[in-house]
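Worksheet for the structure shown next.
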Amino acid sequence: MSSESIAERITRIRATLPPTVRLIAVSKYVSAVEMRAAYNAGIRDFGESRVQDAEAKKAELQDLEDITWHLIGHLQSNKARKAVQIFDFIHSCDSLKIVQKLDIIAGELSKHPYIFIQVKILPDPQKHGWEIGQLLADLPELDRCDNLRIEGLMVIPPLGLESGQTLALFEQARELAGTIAAQKWSRISMQHLSMGMSEDYPLAVEAGATFVRLGQILFGDV
């Protein structure tokens, strides 16, 4: 990593992103102090993997009222209520069971969080998420979750893919979102794709990503 400051990295990377792409700064490995530096450089979207970490940082940054909080890590069922309370977006909804639980809790709390469906375009035992066939079968149940705003798909490629394979995977995700959108569900919108991290985000943007989740490339090695 160069000697660039966080602000310089953010400015450089944002200049490469189309206006249709929303930059989430993945802050799971950095302190609230570094998050504040990113905020001062213009970042308003932060992504955390653990509910308890986000809760602590949100308390430290409570004066920054316009931060949008994104959950991007696997959500355990016993953390679902807290997740609905803390996060504006939950990208890592990886099973029908957890989505239905979030829907019940959101109703109880009179909240309407934005939800992404995590899908595995390729088999990957290392990651959570729907297989494509099961996701398509579960769409009627997902469409009954009237307290959630299902905005699109979230994708994490398997490790070890070549660039061409990664691009093809992202393009398959876009096509899957299009297939689902064409079915005209009442409550399922496929207007967004959350895909692309520090090592592959240009490919994701090329394939149509509307949210990219960048950590190391913004904050450096920690």
Side-chain angles (χ1 to χ4, degrees), residues 1 13 16-18 21-30 45-51 53-54 70-77 79 83 87 89-99 102 114-139 142 150-181 188 190-222:
M1 184 64 65
I13 292 168
T16 69
L17 296 176
V21 176
R22 194 160 164 178
L23 170 57
I24 301 171
V26 177
S27 49
K28 60 183 179 180
Y29 295 125
V30 305
D45 294 272
F46 289 94
E48 289 285 330
S49 287
R50 293 164 36 120
V51 173
D53 291 347
H70 300 256
L71 179 63
I72 59 172
H74 174 62
L75 176 59
Q76 297 175 327
S77 179
K79 304 285 177 55
F87 292 97
F89 286 77
I90 302 176
H91 293 240
S92 46
C93 295
D94 52 26
S95 71
L96 180 60
K97 181 179 178 181
I98 194 68
V99 172
L102 290 169
Y114 295 99
I115 297 296
F116 284 81
I117 300 300
Q118 185 172 350
V119 60
K120 296 194 288 189
I121 301 298
L122 295 177
D124 187 352
Q126 305 302 317
K127 295 190 176 62
H128 298 278
W130 264 274
E131 306 287 350
I132 293 174
Q134 189 60 53
L135 172 59
L136 295 175
D138 285 344
L139 289 173
L142 291 169
I150 301 177
E151 291 288 291
L153 302 179
M154 186 263 216
V155 175
I156 303 174
L159 296 174
L161 296 184
E162 301 290 339
S163 294
Q165 294 171 308
T166 302
L167 177 59
L169 180 144
F170 288 145
E171 289 173 339
Q172 282 183 263
R174 183 193 63 216
E175 291 166 4
L176 176 60
T179 297
I180 296 172
I188 300 173
M190 284 287 131
Q191 62 179 322
H192 289 296
L193 288 168
S194 173
M195 56 187 193
M197 298 183 287
S198 292
E199 64 277 13
D200 57 21
Y201 76 92
L203 299 173
V205 171
E206 181 179 344
T210 57
F211 285 78
V212 294
R213 311 179 303 271
L214 308 185
Q216 184 182 38
I217 199 169
L218 296 184
F219 294 109
D221 295 320
V222 292

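Along the sequence shown, residues carry numbers from 1.
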Does the pair L176 and L136 meet the rule for a side-chain contact (heavy atoms from CB on, under 4.5 Å), with working shown? CA-CA 9 Å; L176 176 60; L136 295 175; 4.1 Å; yes
Just by distance, do the side chain of S194 and the backbone of M154 share a donor-acceptor pair under 3.5 Å?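 No; zero donor-acceptor contacts below 3.5 Å.
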Q134 side chain to E131 backbone, donor-acceptor under 3.5 Å: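 Here the side-chain-to-backbone pair does not exist.
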Would you say [X] and [Y] make side-chain contact, with heavy atoms under 4.5 Å?
X	Y	value
V51	F87	yes
L71	S92	yes
F211	I72	no
Q118	H91	no
R22	D45	yes

Does the pair V30 and L218 meet the rule for a side-chain contact (heavy atoms from CB on, under 4.5 Å), with working shown? CA-CA 11 Å; V30 305; L218 296 184; over 6 Å; no
If you measure from [atom1] on [X] to [atom2] on [Y], what distance do you get to the nearest 0.5 Å?
X	Y	atom1	atom2	answer
F116	M190	CZ	CE	9.0 Å
I121	Q172	CD1	CD	6.0 Å
F89	I115	CZ	CD1	10.0 Å
F46	L23	CZ	CG	9.5 Å
I117	L153	CD1	CG	7.5 Å
L203	Q165	CG	CD	11.5 Å

Check this for me: R50, atom CZ, are more than 12 non-hydrogen atoms of other residues, nucleotides or ligands nearer than 6.0 Å?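 Open: at most 12 neighbouring heavy atoms sit under 6.0 Å from CZ of R50.
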Quick check on Q191: does its CD atom have over 12 non-hydrogen neighbours (other residues, nucleotides or ligands) under 6.0 Å away?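 Result for CD/Q191: enclosed.
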Which pairs pass side-chain hydrogen bond (donor to acceptor under 3.5 Å, both in side chains) with one or both residues in residues 199-211, sequence neighbours excluded?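 Listed by first then second residue: H192-T210.
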Which atom names give the shortest non-hydrogen contact between [X] and [Y], and what distance separates them?
X	Y	value
M195	V212	O-CG1, 3.6 Å
V21	A209	CG2-O, 3.3 Å
L193	A173	CD2-O, 4.0 Å
P158	L161	O-CG, 3.6 Å
F219	S27	CE1-CA, 4.2 Å
K120	H128	CG-O, 3.7 Å

Check salt bridge (Lys or Arg N to Asp or Glu O under 4.0 Å) between K28 and all other residues, then give those that pass, not counting sequence neighbours.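 If we apply the salt bridge (Lys or Arg N to Asp or Glu O under 4.0 Å) test to K28, skipping adjacent residues, there are no hits.
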Please name all residues satisfying salt bridge (Lys or Arg N to Asp or Glu O under 4.0 Å) with D138, sequence neighbours left out, ordered by chain then number.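 Counting only residues at least two positions away or on another chain, D138 forms no salt bridge (Lys or Arg N to Asp or Glu O under 4.0 Å).
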Apply side-chain contact (heavy atoms from CB on, under 4.5 Å) to L96 and L135, showing your working. CA-CA 9 Å; L96 180 60; L135 172 59; over 6 Å; no
Pair L75, C93 - check side-chain contact (heavy atoms from CB on, under 4.5 Å), show working. CA-CA 7 Å; L75 176 59; C93 295; 6.0 Å; no
